[in-house]
S.K.: 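Structure in structure tokens, see below.
As a basis for the values below, the full set of heavy atoms in this structure was taken, side chains included, without hydrogen atoms, waters or symmetry mates.
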Amino acid sequence: MPGKKNPSLKDPELYEELREDGASKQKAARISNAAAKKGRSAVGRKGGKSGDYEDWTVPQLKAKAKEIGLTGYSAKKKSELISALRNS
């Protein structure tokens, strides 16, 4: 994204840092926009409430995939769903 301006990104600097660390475009945009809205420290404290994906059932994982807008999740195995959710 160097040289391009994306008006939907509220914190482009954080977005670029997350992309360099290997986050997907969708995940980096979601985190950077949340950080711009609530503050970076508030977003940093946010995690840890839903438990490990390994403890979730396949229907719960599919519901989460649907909720965040992933596609092609219906035929995936549990391990594939977990990987897709972590990398989204």
Side-chain angles (χ1 to χ4, degrees):
M1 211 174 90
K4 290 186 178 180
K5 297 274 183 181
N6 187 339
S8 65
L9 291 176
K10 308 301 184 239
D11 190 342
E13 182 181 303
L14 180 58
Y15 173 86
E16 290 299 328
E17 289 175 23
L18 292 166
R19 290 290 292 146
E20 288 172 9
D21 287 340
S24 68
K25 291 179 182 179
Q26 181 184 19
K27 184 175 184 178
R30 199 167 51 236
I31 293 170
S32 67
N33 288 344
K37 183 177 181 180
K38 298 177 185 175
R40 288 186 181 192
S41 61
V43 172
R45 289 189 302 265
K46 184 178 173 185
K49 296 178 184 173
S50 63
D52 292 330
Y53 282 140
E54 284 82 5
D55 297 335
W56 292 26
T57 64
V58 172
Q60 289 172 321
L61 293 168
K62 287 182 179 181
K64 182 67 172 179
K66 182 177 182 179
E67 177 186 324
I68 65 172
L70 294 181
T71 59
Y73 59 84
S74 62
K76 292 188 183 292
K77 296 178 182 177
K78 184 173 182 174
S79 62
E80 295 169 329
L81 281 168
I82 291 170
S83 179
L85 288 167
R86 286 186 175 149
N87 295 318
S88 67

S.K.: How many angstroms lie between CZ in Arg86 and NZ in Lys27, if you round to the nearest 0.5 Å?
M.R.: 9.5 Å
S.K.: Taking Ser74's backbone N and O only, do any of them form a donor-acceptor pair with Lys62's side chain (distance below 3.5 Å, no angle check)?
M.R.: yes
S.K.: Please answer whether the main-chain N or O of Ile68 pairs with a side-chain N or O of Gln26 as donor and acceptor at a distance below 3.5 Å.
M.R.: yes
S.K.: Does any part of the side chain of Lys25, heavy atoms only, come nearer than 4.5 Å to the side chain of Tyr15, both counted from C-beta?
M.R.: yes
S.K.: May I ask you to decide whether Glu16 forms a salt bridge with Arg19, counting only side-chain N to carboxylate O separations under 4.0 Å?
M.R.: no
S.K.: Quick check for you: to the nearest 0.5 Å, what is the distance between Glu67 atom CD and Leu85 atom CG?
M.R.: 10.0 Å
S.K.: Do the side chains of Lys78 and Leu61 get nearer than 4.5 Å, heavy atoms only?
M.R.: yes
S.K.: If you compare all heavy atoms of Ser32 against all heavy atoms of Ala29, which two are closest, and at what distance to 0.1 Å?
M.R.: OG-O, 3.2 Å
S.K.: Looking at every heavy atom in both Lys76 and Glu80, which two are closest together, and how far apart are they?
M.R.: CA-OE1, 3.4 Å
S.K.: Is the closest side-chain heavy-atom distance between Glu17 and Glu13 below 4.5 Å?
M.R.: yes
